[in-house]
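Comments concern the structure below.
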Amino acid sequence: MTEAGARAPGKAILFGEHAVVFGEGAIAVALTLYFETRVRVSGGDETRVDGRPMDRKHHAYYQEAVRQAWGARGPLEITTSSSVPSSSGLGSSAALTVATVAALKAMRGRLSQEDVARTAFEVEFAVQGRASPTDTSTASHGRAVYIARDEHERHLWTVEKGGNRWCIHDLEFPPMDFVIGYTGKKGNTAELIERVRRACEADAGARARIARIGAIVEEGRGALARHDLVRLGQLMDENQGHLSALGVSSPELEALIAAARPHALGAKLTGAGGGGSMIALARDSKACSSAIERAGGKAFQAKIDREGVVVL
Ligand code: MEV
């Protein structure tokens with residue numbers, strides 16, 4: 001094949017951010033917000049991304065994806081489009097990487113979600129120096145995904161790197177309407193992780209909150225399987241309380257969460273916090289979106305993507 005395209009979804013963490021760094025589980029959902037990449041063997045003498053020569057500064061993920069999934073097979077024309085807001089905590093770099101890796105692999109033959117997830121994780125790891133496979137596995141598999149140290153039922157694949165081990169599982173889930181609220185501010189993930197680590201070293205109360213978030217993840221799995229939306233909302237609210245007490249929320253996030261709650265079953269920050277985005281399990285998506293926008297956020301309505309990465 002001399003050309004191919006693929007699309008991959010963005011994601012939100014529903015339960016367990018930060019606690020997952022301490023070995024607790026986490027639940028992520030793929031969202032109906034997509035990144036799309038098209039690749040074509042080019043007659044030119046260099047690879048171009050959206051018409052510009054590919055360089056490390058602007059195109060690190062593309063460059064690494066091409067290196068790992070295409071090699072030295074010759075220059076390409078890469079074109080992209082996206083409805084995943086970038087730098088918002090919604091997994092846009094993972095969606096970009098998964099879509100690009102899948103398009104490149106599709107030109108060379110058959111591919112599986114697992115194969116794409118593994119290569120995309122290596123690409124993110126090479127670019128970021130540190131990454132968990134949560135985002136790339138969710139963008140590859142779609143649906144709802146449970147990440148844990150050990151294997152449970154509906155196990156998909158296990159990723160090991162640098163002494164860490166992540167077992168990725170598929171989860172059952174009910175139809176859900178989410179509204180994402182983006183603060184417009186980017187949180188510093190490394191700094192926020194460090195803040196939680198220091199809090200846990202100094203304070204048994206912080207360690208107890210991490211353990212409780214781990215328990216919320218397990219309760220959340222049960223509530224998803226039972227299609228118990230009311231309990232899911234309560235668990236989201238409780239999870240937010242612990243994240244806030246751990247110091248990773250922000251006034252902007254709190255304002256959007258407070259605005260969303262009257263129209264939602266539950267709401268919390270999603271991802272590292274300190275800015276970035278919040279997620280609400282909406283009762284009324286339209287009213288929830290309007291309230292978030294009035295409070296200064298950018299709102300996106302989304303459901304759970306059911307397909308993961310798709311070759312177009
Ligand atoms: C960031 O999206 C989520 C964290 O738990 C970090 C991680 O899992 O790599 C804060």
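One-based numbering, in listed order, for ligands and for the atoms of each.
One distance of note links CG of Asp203 with CD of Glu201; it measures 11.5 Å at 0.5 Å rounding. Distance check: Phe173 CZ to Leu229 CG gives 12.0 Å after rounding to the nearest 0.5 Å.
Among the atoms of His18, some N or O lies under 3.5 angstrom from an N or O of ligand 1.
When only non-hydrogen protein atoms are considered, atom 3 (C) of ligand 1 lies nearest to Ile13 CD1, 3.9 Å. When hydrogens are left out, the protein atom nearest atom 2 (O) of ligand 1 is Gly271 CA, 3.6 Å; that is the closest non-hydrogen contact. Arg130 NH2, 3.2 Å is the protein heavy atom nearest to atom 9 (O) of ligand 1. From the protein, the heavy atom lying nearest to atom 1 (C) of ligand 1 is Ala272 N, 3.7 Å.
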Check residues 274-288 and write down every donor-acceptor pair under 3.5 Å in which the side-chain atom is one partner and the other belongs to a residue at least two apart or another chain.
| residue | atom | partner | partner atom | Å |
| --- | --- | --- | --- | --- |
| Ser277 | OG | Ser88 | O | 2.6 |
| Asp284 | OD1 | Lys286 | N | 3.2 |
| Asp284 | OD1 | Ala287 | N | 3.1 |

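Side-chain heavy-atom separations under 4.5 angstrom define the hydrophobic clusters, and Tyr34 shares its cluster with no other residue.
Shortest non-hydrogen contact noted between Met1 and Ala106 is CE-O, 3.4 Å.
Between Tyr146 and His169, the ring-plane angle classifies as tilted under the 30° and 60° cut-offs.
Atoms of ligand 1 found under 4.0 Å from any heavy atom of Val20 (numbered from 1 in listed order, with element): 5 (O), 8 (O).
Heavy-atom distances between Ile193 and ligand 1 reach below 4.0 Å in at least one pair.
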